[in-house]
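Here's the structure we're looking at; comments come further down.
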Amino acid sequence: MVKRLDNAKVMRLHILATIIDALGGFLFRYDTGIIGSVLVYVTPLFHLTPPEVVILTAGTSLLASIGALAAGPITDKYGRKSLLVADGAMYAVFALLSAIATNSFLLILRRSLVGFAIGYSILEVN
């Protein structure tokens, strides 16, 4: 199976998805560091309660760990290249949806789903 993967043709889309996914580690650390300074603006804007602030802050890390655990079996079943493309799409979609969230539930949910993509890509690329 490894030989077949080595001989498979790599398309531009795969290279782009790999580059996007390789940024997963950077994105995870950046996101973890930046959320603290953004909470000053986000908390009053979305009227977040203290438990919601905790979930908003920790949700990305929690789902990143679940994404890392899920990466192995999912990759074995569907293959690495197709899931790199799907993971890159998840980054883009959930990041944009987080940016246009209209309430605290949507913001927390979408940020957490970005965490799943981060966890998946960290394990997938490494």
Side-chain angles (χ1 to χ4, degrees):
M1 181 167 156
V2 173
K3 187 171 262 196
R4 183 177 61 131
L5 286 174
D6 288 340
N7 294 330
K9 183 178 179 184
V10 177
M11 297 170 36
R12 261 189 246 163
L13 180 61
H14 296 134
I15 293 170
L16 180 61
T18 303
I19 290 169
I20 291 170
D21 260 3
L23 294 172
F26 169 76
L27 179 61
F28 184 58
R29 274 96 182 155
Y30 179 76
D31 184 69
T32 303
I34 202 70
I35 189 64
S37 60
V38 173
L39 286 175
V40 175
Y41 305 105
V42 172
T43 303
L45 182 66
F46 287 98
H47 307 291
L48 297 175
T49 64
E52 288 175 328
V53 171
V54 170
I55 295 169
L56 179 67
T57 306
T60 304
S61 298
L62 177 65
L63 259 73
S65 63
I66 294 170
L69 290 172
I74 293 173
T75 301
D76 289 343
K77 186 172 183 177
Y78 297 106
R80 179 174 280 211
K81 290 180 183 178
S82 59
L83 286 176
L84 283 171
V85 173
D87 194 41
M90 282 177 27
Y91 274 127
V93 168
F94 291 126
L96 289 173
L97 289 175
S98 294
I100 61 170
T102 56
N103 60 46
S104 61
F105 174 77
L106 290 176
L107 178 65
I108 291 169
L109 176 69
R110 293 167 180 174
R111 259 188 55 80
S112 298
L113 290 172
V114 167
F116 182 85
I118 292 169
Y120 181 83
S121 68
I122 289 172
L123 190 65
E124 175 71 21
V125 172
N126 297 328

* To do: Please test Thr102 against Leu106 for side chain to side chain contact (heavy atoms under 4.5 Å, CB included), starting from the C-alpha separation and ending with a verdict.
  => CA-CA 7 Å; Thr102 56; Leu106 290 176; 3.6 Å; yes
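- Legend: residues meeting salt bridge (Lys or Arg N to Asp or Glu O under 4.0 Å) with Arg110, ordered by chain and number and at least two apart, are absent.
- Legend: residues meeting side-chain hydrogen bond (donor to acceptor under 3.5 Å, both in side chains) with Ser104, ordered by chain and number and at least two apart, are Glu52.
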Side-chain polar contacts of residues 33-40 - donor-acceptor pairs under 3.5 angstrom, sequence neighbours left out - could you list them?
unit_1 : atom_1 : unit_2 : atom_2 : d
Ser37  : OG     : Ile34  : O      : 3.0

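- Annotation: the span from Phe116 atom CZ to Leu62 atom CG amounts to 11.5 Å, rounded to 0.5 Å.
- The cluster map of Ile, Leu, Val, Met, Phe, Trp and Tyr, joined by side-chain heavy atoms under 4.5 Å apart, puts Ile66 and Met90 in the same cluster.
- In the hydrophobic cluster analysis, where Ile, Leu, Val, Met, Phe, Trp and Tyr join through side-chain heavy atoms closer than 4.5 angstrom, Leu113 is grouped together with Phe105.
- Interatomic distance, Ile108 CD1 to Leu48 CG, rounded to the nearest 0.5 Å: 6.0 Å.
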* **side chain to side chain contact (heavy atoms under 4.5 Å, CB included) assessment of Tyr120 paired with Thr75** => CA-CA 10 Å; Tyr120 181 83; Thr75 301; 2.8 Å; yes
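- Note that CZ of Phe94 is 10.0 Å distant from CG of Leu63, once rounded to the nearest 0.5 Å.
- To the nearest 0.5 angstrom, Asp87 atom CG is 9.5 Å from Ile118 atom CD1.
- Residues Phe46 and Asn103 approach most closely at CD2-C, 3.6 Å, considering heavy atoms.
- Expressed to the nearest 0.5 Å, how far CG of Leu107 lies from CD1 of Ile100 amounts to 11.5 Å.
- The side chain to side chain donor-acceptor pair (under 3.5 Å) analysis of residues 60-73, with sequence neighbours excluded, yields the pairs Thr60-Arg111.
- The line from CG of Leu56 to CG of Leu109 is 11.5 Å long, rounded to the nearest 0.5 Å.
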